[in-house]
Amino acid sequence: MRRSTGRILTTHAGSLPRPASLEDAVEQPGADPAALGPLLSASVAEVVRRQAEAGVDVVNDGELGKSGWTSYLSERLVGFEPQPILPGQTMLAAGQDRAAFRDFYDEATRQGQLWYRPDSRLRTPAPPTRWVCTGPVTYIGQAALRRDIENFKAALAGQDVTEAFMPVAAPASVEPGRINEHYPSDEAYVYAIADALKVEYETIVEAGFVLQIDDAWITALWDRMLPAVDVEAYSRYCLLRIEALNHALSRIPEDRVRYHICWGSWHGPHSTDIPLKDIVHLMLRVKAGAYVIEAANVRHEHEYHLWETVTLPEGKLLIPGVVSHATNVLEHPELVAERIGRFAERVGRENVLAGTDCGLGGRVHPQLVWAKLEALAEGARLASTRLWSTPNA
Amino acid sequence: MKRSTDRILTTHVGSLPRPPELLEAVAALNAQDGTPSEEAQQTYERVLRDSVANLVRRQAAAGVDVISDGELGKASWATYILDRVSGFEIRRDRIQPLVWLGRDRERFPEFFAKEMPNALTGAPTEVCVAPIEYRGAAAMQRDIDNFKVVLQEVRVEEAFLPVVAPASTAYNGINEFYGSEQEYVYAIADALKHEYRAILDAGLLVQVDDAVLANMYDHLVQTSPEHYRKWAQLRVDALNHALEGLPEDRIRYHICFGSWHVPHVADAPLEEMIELILQVRAGAYSIEAANPRHEHEWRVWETAKLRPGQILIPGVITHHITTVEHPRLIADRIVRFAKLVGRENVIAGTDCGFAQSQGTQRVHPSVMWAKFEALAEGARIATRELWG
C-alpha cells in the first residue's frame, strides 16, 4: 500500500454520488439490468476521472455497482430467505440515541433528512424484509464482482492516480438484520459468513486492488445493544467477529488491506457513539495495513488525542477523516491541514493518509461531495508543504 | 458584564426555536388581514409571555450562564426592525438578488436550486421612502417585561437581548429618501439607538447582531477590497455613533457569516474583518468559530488583540451540524482561545442563533438542548484544566 512518502496522500471512505443518468436508470421501475451495463461502466469511468481531477490519490469505483454498502450482499450470498417485517423492527430504527432524541428522529425521518436525498426523490422502497439464514451461506456474486472489477480497471486506464481500492463489507456488518436459523452457534454462523466473503476479498486483491473492509456495525451496534451491554461484554461480542474477519483475510497480505470503521453516517446526534478508546484495541487487531476512521465530525474530532497514548504499530497507516459528510459547510483547507498536522505529529507524517469520515455519496449534495474532495486535496497540499519543510521529528 | 473570573461562563447568540403554540398564535394574528381580533392579540401576548418564561427556565436548566429571551417576540433577527421603524415600504414586484450570499450561488448552482431556491430568485425590496423614526417602544418594552419577569425566578449569571446593527437593517433594501448613503445609514443608527438604550436602561446586556457586515464581503470585494472596506466602515462608524455614550461594558457585538446550511465558501475571512470588528465600541465580541469553514480562524487571535477588559465569545458549538459536539472537543476549543486571550476573557458561546426567524430551526430543538448541555459540560472540563 502506498504511504505518504514526500507528501500527504488523499483518499476517501468509499461511496460517491451516482451520476444522474445512472441514478435515473437504476430508479426506473422494472429497469432491465442488462441495459444498465454500458451506463454503469461509463459512470464508473466518470467518477474515477472526477476523483483524479479533484486531487484524490487513492481512488475507488464509487461503489456504483452496489445497491448499498451491505445490502448488495443480498444479491451475492445464498443461504438466506426473506421474511416480511415491520419497518419499525429494523436494526437501523432502534437504539439509545433514537430513544433519547425520538422527536428529532421522527421529524428527520418524515422529512427525509436522516439520509440526504439530493434529488428529493425517495429511493425505490426496499421491501420490508429481514433475511433469515436457512442453509449454508455461499458466495454467488462472482459475475457482479467481475463486472465491478472490469469497470474499475477500464476506468483507471490513463488516469493519473496513486493507487486504487475497492470497499466490501466485514462479517460483523453483514450479520446485523440477518437471523441465523441454520448454524448451531453464533461462531459457526459468523465464520460461515466470513468464508463466503473471503471469495470477494481474495478476488479483489488478486485483481491488484487494495481491499477496504467496511465495518460500521462493529461500532454502531453498541448503541443498539445499550443499556444491556458494557464495554467488556461488547468487546467479547466484537472479538469473535474480528477473529472471523481475520480468518477471511488469512491468505491476504496485511499490506493490501485497509479497515474502515465509522459510527454510522446518518445525520443524527450520535450522542451514544462508543468512544474510540474503548474499541481501538479491537480495531488494531484486524490484519490490515491501514485503519480508516472518522475524525472530522464534532463527536469524534477530539479523539486524535488517543494517539498520544496508543501506538500505531510499525508499518501501519492511519487514514483519519479530515472532511465530513455530516455538514453542508465546506471544510476550509486550513482546517483540513490543521487536522492532518495533528495526526502527523502523533503517528508520523509518512503514516497518515488524509481521508473522509465516511462515504460522501448520498449524504450531501453531489456538488458538495466533489467540492469537499477538492478541499481535502488542497488541505493535504498545505499540510505537505508544512510537514516536509521541516525535518521529521 | 460578567466575565469568566473563576470559571468559564457559557452563553449563546440569542435566537431559539419558537414553540408550536407560539407559531400558531402568530399565524392567528397574521390570518386576520393586518387587523387581528382582540382575542387573537390577547392570546398571542399570553402565549408569548409563557413561551419566553419556559425558554428562560430551560436555558437555566441546561447550564447556560448568560441567557436571552430567544428573540421570541420578533419575526426574525433583522427584519423585525422594519415593524418598529417608520420610513420603509416593501415592494413585492421589485426583486432584489440575494447578493449577501456572495458567489456561492455561482459556484454551487445545482445545490442552491435544490436546497435554497430563493437564493437564485431573490427577495422583495425594502425601500426607504420617508424619514426613519423609531416607533417600536411598546414592542421593545413588552419583550423586556416578558424577559425580566421570569429572570427573577431563575439562577443565571446575566441576561442579554439581541438587536440588529445598522449594516444588517433592511439588508434587501434601497434608499430613495435620504440625500446620501451616509444620511440614510446614520438615520437607521439613530433609530436603533432607542432600542439599545431601552435594553440598557432595563439592566440587561445589549447584543448587536451584524451578520450582514460580513455577508456583504464576497459581493462587494468583486468591485474591489476598498469598495467593501468603504461600505463597511461607514456602517461601523454609524454603529459606533449609535453606541456613543452607552456603557461599552454592557454591549456585546455579534458577527457571523450567515446561518444557512450552505457551503460558505463565499464567507469573508475573519482576518479581513477583524480590524473592523475591533473598532466597534463593545465589551465583548461574539464570533463564529465552531464550524469547519471558520474553526481554523482561532489563529487570528495570535496577532489580533482585545483591548484591556474586553471579552471574546467564540462559537464552540454550531447550529450547522446535527451531530452533538463531544464535550471534550468543546473543552479543547475553549482552552485554545483561553491560551491566546486569557481564560478570564473567554465566554463559551455558539456560532449563531438556532432559529433566525419564526418557523426556522437550524437543528431540531431536542438536539439544540443537547448541544447546550454539552456546552456547559465542555466549559466545566475547560474550567478544571484552566484553573487546575
Tell me, for [X] versus chain B, whether the close heavy atoms (under 4.5 Å) come from the side chain, the backbone, both or neither.
X	value
Arg339(A)	side chain
Tyr304(A)	side chain
Glu338(A)	side chain
Glu334(A)	both

Counting only non-hydrogen atoms closer than 4.5 Å, does [X] touch chain A with its backbone (N, CA, C, O), its side chain (CB onward), both, or neither?
X	result
His261(B)	both
Gln361(B)	side chain
Val367(B)	both
Pro109(B)	both
Trp369(B)	neither

Are side-chain heavy atoms of [X] and [Y] found at a separation under 4.5 Å?
X	Y	result
Val329(A)	Pro263(B)	no
Leu330(A)	Phe108(B)	yes
Pro269(A)	Thr323(B)	no

Top contributor to chain A contacts, counting heavy-atom pairs under 4.5 Å, from [options]:
options	value
Glu325(B), Arg299(B), Arg107(B)	Glu325(B)
Leu329(B), Ile330(B), Val363(B)	Leu329(B)
His264(B), Arg293(B), His294(B), Arg333(B)	Arg293(B)

(message) Rounded to the nearest 0.5 Å, what separates atom CD in Glu331(A) from atom CG in Asn291(B)?
(response)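 It is 9.5 Å, given to the nearest 0.5 Å.
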
(request) Could you tell me the separation between the OG atom of Ser271(A) and the NZ atom of Lys371(B), rounded to the nearest 0.5 Å? (result)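 The distance works out to 12.0 Å.
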
(message) What I want to check is whether the side chains of Asp332(B) and His305(A) have a donor and an acceptor closer together than 3.5 Å.
(response)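 Asp332(B) vs His305(A): donor-acceptor pair found between side chains.
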
Between [options], which residue shows the highest count of heavy-atom pairs closer than 4.5 Å to chain B?
options	result
Glu107(A), Gln367(A), His270(A)	Gln367(A)
Glu301(A), His300(A), His267(A)	Glu301(A)
Ala108(A), Gly268(A), Ala100(A)	Gly268(A)

(request) Under the side-chain contact (heavy atoms from CB on, under 4.5 Å) rule, what do Asn328(A) and Trp260(B) come out as? Steps first, then yes or no, please. (result) CA-CA 9 Å; Asn328(A) 278 349; Trp260(B) 330 283; over 6 Å; no

(request) Indicate the atoms forming the closest heavy-atom contact of Ser366(B) with Phe104(A), along with that distance. (result)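 Looks like OG-CB, 3.6 Å.
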
(request) Might you confirm whether atom CZ of Arg102(A) has over 12 heavy atoms from other residues, nucleotides or ligands at distances under 6.0 Å? (result)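 For Arg102(A), atom CZ is not crowded (no more than 12 foreign heavy atoms under 6.0 Å).
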
(message) Looking at Lys339(B), I want to see if its NZ is surrounded by more than 12 non-hydrogen atoms of other residues, nucleotides or ligands under 6.0 Å.
(response)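 Not more than 12 within 6.0 Å, no.
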
